[in-house]
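Naming: A, B, ... by sequence-line order, numbering from 1 per chain. This one's a predicted model, so the numbers in the text were calculated from it and none came from an experiment.
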Protein chains: 2
Amino acid sequence: MNNAAGDSPEWSELDPKISALVREIIARIADKWTLLIIEALHEYPDARFNQLQRMVEGISQKVLTQSLRQLESDGLIQRTAYAETPPRVEYKLTPLGESLGEAFCGVWIWAERHWEEIEASLAAFAAKKMLKEKS
Amino acid sequence: MNNAAGDSPEWSELDPKISALVREIIARIADKWTLLIIEALHEYPDARFNQLQRMVEGISQKVLTQSLRQLESDGLIQRTAYAETPPRVEYKLTPLGESLGEAFCGVWIWAERHWEEIEASLAAFAAKKMLKEKS
DNA sequence: TGCGTTACGCACCTGTTGGTAAGTATGAAC
DNA sequence: GTTCATACTTACCAACAGGTGCGTAACGCA
């Protein structure tokens with residue numbers, strides 16, 4: 001009665017088991033690199049490994065591999081390897097991954113819209129801290 | 001012409017300086033604890049320190065303090081200390097923080113709606129891996 | 001006088017994350 | 001037969017995140 005389909009869109013109290021699950025999922029996808037990879041794949045579908053590494057600036061090969069495996073096992077991206085030489089592997093978002101990308105789109109827009117406020121706040125906070133330490 | 005106000009809602013190419021800034025902001029807010037704190041404060045405004053620690057299950061005192069400081073310096077929460085005994089400190093989301101909470105709401109809903117698919121995908125992936133290792 | 005409460009700060013230590021660098025498999029080209 | 005490219009995997013190591021425990025300030029109460 002409580003765990004199966006209830007597709008209620010309201011954000012009400014849901015039972016703690018599911019809540020914990022959701023938290024775990026959030027914790028798994030909410031890291032810097034994962035988000036950037038999803039965004040890169042959202043903009044450039046069917047990207048290859050080295051392309052991704054170039055797009056997600058600063059990521060190391062190892063972390064990219066790890067993140068891609070994680071995303072794959074979560075069902076967010078699809079990995080397609082072609083038995084050619086040199087080998088070719090293409091990654092693309094699954095429909096599930098696409099839907100997550102769209103959900104995150106709001107956050108990207110938020111960041112784009114509010115970065116100036118954040119910068120200002122950071123500066124103000126640093127100034128206040130300096131003042132406090134002086135005294 | 002390019003960096004100031006252009007409030008274009010389209011998701012077009014924006015100049016790399018801002019893009020990097022946005023990435024940095026995303027990297028700063030996109031971690032497990034920060035998100036959970038924002039959600040807790042979204043649901044229970046004016047929460048106190050120990051209340052938050054109880055709500056965000058599993059967080060340590062140190063990390064909660066650190067995260068709150070970070071959120072405060074980013075201008076996402078407001079800290080109000082009352083000079084009483086025992087001391088009382090209340091935290092609430094600023095309008096900026098509220099807007100971020102709303103932007104993230106989509107992700108929460110997404111997670112709530114799709115956790116079953118993710119679980120299924122994880123299980124399938126593990127099974128496939130087992131199969132591979134057996135051979 | 002000593003205990004309790006709240007909201008921390010600080011020091012220490014460990015576990016995980018992440019970077020670097022090297023090795024591997026494949027087949028085609030030279 | 002050596003080289004080259006791709007897409008990894010593995011080993012090693014450093015850095016940092018995070019947990020634990022102790023200290024603190026302020027006052028109220030017994």
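- Contacts between residues 59-71 of chain B and DNA chain D, defined by a heavy-atom separation below 4.0 Å, involve B/Ser60, B/Lys62, B/Val63, listed by number.
- A donor-acceptor pair under 3.5 Å links the side-chain atoms of A/Thr94 to the main chain of A/Gly75, judged by distance alone.
- Atoms CD (A/Glu84) and C1' (D/dA7) sit 13 Å apart, rounded to a whole Å.
- With respect to B/Arg88 and B/Glu90, a salt bridge is recorded, a charged nitrogen being found less than 4.0 Å from a carboxylate O.
- In this structure, the CZ atom of B/Phe49 is 16 Å from the C1' atom of D/dA25, given to the nearest Å.
- One atom, NZ of A/Lys32, and another, P of D/dC16, lie 13 Å apart when rounded to the nearest Å.
- When the side-chain nitrogen and oxygen atoms of B/Tyr82 are compared with OP1 and OP2 of D/dA26, none of them lie within a distance under 4.0 Å.
- Residues B/Asp74 and B/Leu96 approach most closely at O-CD2, 4.0 Å, considering heavy atoms.
- A nucleotide of DNA chain C counts as in contact with chain B when one of its atoms lies under 4.0 Å from a heavy atom; the first and last such, 5' to 3', are C/dT5 to C/dA11.
- Between A/Pro86 and A/Asp31, the residue anchored closer to the 5' end of DNA chain C is A/Asp31, taking for each the nucleotide with the nearest heavy atom.
- Between A/Tyr91 and A/Phe49, the ring planes are tilted. Angles from 30° to 60° get that label.
- In this structure, B/Ser73 contributes its side chain and A/Leu122 its backbone to no donor-acceptor pair below 3.5 Å.
- Between the side chain of B/Ser121 and the backbone N or O of B/Glu117, no donor-acceptor pair lies under 3.5 Å.
- Listed here is the closest heavy atom pair of A/Ser99 and B/His114: OG-NE2, 3.9 Å.
- Taking atom CD of residue A/Gln51 and atom P of nucleotide D/dA5, one finds them 17 Å apart after rounding to whole Å.
- The hydrophobic cluster containing B/Val89 does not contain A/Phe125, counting ILVMFWY residues as joined when their side-chain heavy atoms lie under 4.5 angstrom apart, directly or transitively.
- Distance A/Arg54 CZ to D/dA5 C1': 12 Å, rounded to the nearest Å.
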